[in-house]
Amino acid sequence: MGTQSELQATVQSLVRKGKGLLAADESGPTIAKRFKAIGVESTEDNRRAYRSLLLSSAGLGEHISGVILYAETLGQQADDGTPLPQLAAGQGIVPGIKVDAGKIALAHAPGDEITEGLDGLAKRLEPYKQQGARFAKWRAVYNVDGVRPSRLAVQANADALACYAAICQEQGIVPIVEPEVLIDGDHSLDRCAEVTENVLHEVFHALHRHAVALEHMLLKPSMVVPGKDHAQQAGPAEVAAWTIRVLRRTVPAAVPGIFFLSGGQTPAEATANLDAINRLGPQPWLLSFSYGRALQDPAMQAWKGQAAHARATQDALLKRARLNGAASQGKYEPAMEAAAR
Ligand code: 13P
């Protein structure tokens with residue numbers, strides 16, 4: 001298959017009505033933090049056991065079209081020897097891979113950060129592809145206060161995101177471009193909207209400079225929400241109105257899908273907000289979810305490292321996947337939270 005048709009086929013498998021993505025690509029330190037919270041040691045086998053459990057949930061593919069994995073997981077196997085990417089693919093879930101190498105302080109920009117990982121990226125993609133990855137993810141983060149992110153941080157991260165996306169497309173891997181405006185801090189909804197608009201504007205400018213085909217990429221943005229320490233929090237209707245306004249101003253219609261991150265929202269908030277966004281009516285792009293914590297937190301709480309809790313773990317994941325699938329069509333009702341799975 002030529003690179004263009006390969007990219008097109010992957011986009012078509014990922015962008016599906018009523019489906020979203022599962023972000024299960026926590027890095028070593030992040031998964032250790034999540035496991036610690038439930039009293040589980042982060043050993044390679046515990047990570048394998050947990051992620052195998054998630055991917056073998058029967059029927060997960062009804063609401064999940066793709067899963068973002070960490071490099072270690074691509075090489076791991078379920079108890080019966082099935083490679084984990086194959087376990088996902090067997091459920092109609094396209095495997096993807098986080099390829100950034102995390103963030104560091106941005107030089108000469110106190111309080112700002114830049115994402116690393118471009119060196120050798122094209123070469124790293126080859127084995128990932130052989131292991132079954134068809135798409136990739138790169139996350140840039142923006143800290144918000146009265147003056148941050150600086151112009152330099154907005155430009156430098158946009159450039160890295162665009163460079164990454166171009167390298168992926170050349171290798172036949174669909175890039176997910178993830179600019180995350182952080183929820184941490186006491187900034188207002190207006191301030192988040194202002195920063196998000198600047199960030200997305202710069203990202204699409206850079207993508208154009210790097211000749212990235214917008215039809216063959218996906219966007220993973222944060223929703224427009226007030227900082228979590230801001231006195232006035234916003235309900236779903238307000239979050240939806242601001243988020244859609246900013247996206248309509250900045251994201252070209254050629255982008256096939258926008259898959260939000262949950263970024264520290266509770267599972268129920270992330271679902272209600274996605275639902276409100278989709279109730280605003282037809283938009284040029286599919287609007288769905290690519291949640292990590294908002295899909296996994298209840299499952300992790302149920303699991304607590306116990307093989308005997310397998311069924312409850314999978315039920316908790318399936319429930320969030322189903323509710324978010326409904327929200328991605330504007331068909332979620334809070335009463336649906338009462339169901340067991
Ligand atoms: P959260 O939904 O937990 O923010 O994770 C999504 C993600 O992939 C962050 O990079």
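Just follow the structure's listing: the first ligand is 1, and inside any ligand the first atom is 1.
- Within the 3.5 Å criterion, the main-chain N or O of L69 finds no donor-acceptor partner in the side chain of T73.
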Enumerate, atom names and distances included, each donor-acceptor pair closer than 3.5 Å involving a side-chain atom of residues 271-282, sequence neighbours excluded.
residue : atom : partner : partner atom : Å
T271    : OG1  : P267    : O            : 2.9
T271    : OG1  : R320    : NH2          : 3.1
T271    : OG1  : N324    : OD1          : 2.9
N273    : ND2  : Q265    : OE1          : 2.9
N273    : ND2  : E269    : O            : 3.3
D275    : OD1  : K331    : N            : 3.1
D275    : OD1  : Y332    : N            : 2.9
D275    : OD2  : R279    : NE           : 2.7
D275    : OD2  : R279    : NH2          : 3.4
N278    : ND2  : L274    : O            : 3.2
N278    : ND2  : L287    : O            : 3.0
N278    : ND2  : A327    : O            : 3.2
N278    : ND2  : S328    : O            : 3.4
R279    : NE   : G330    : O            : 3.4
R279    : NH2  : G330    : O            : 3.2
R279    : NH2  : Y332    : O            : 2.8

Please tabulate, one pair per line, all N/O donor-acceptor pairs under 3.5 Å involving side-chain atoms of residues 200-212, not counting sequence neighbours.
residue : atom : partner : partner atom : Å
E202    : OE1  : R151    : NH2          : 2.6
R209    : NH2  : D159    : OD1          : 2.6
H210    : NE2  : D159    : OD1          : 3.4

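- Electrostatic pairing of R148 and D112 does not count as a salt bridge here, judged by no charged N lying under 4.0 Å from a carboxylate O.
- Considering only residues two or more places apart in sequence or on other chains, Y70 meets the ring pair (Phe, Tyr, Trp, His ring centres under 6.0 Å) condition with none of them.
- Between W303 and F35, a ring centre-to-centre spacing shorter than 6.0 Å is recorded.
- A distance limit of 4.0 angstrom between heavy atoms and ligand 1 selects the residues A23, D25, K137, R139, E178, K220, L261, S262, G263, S290, Y291, G292, R293.
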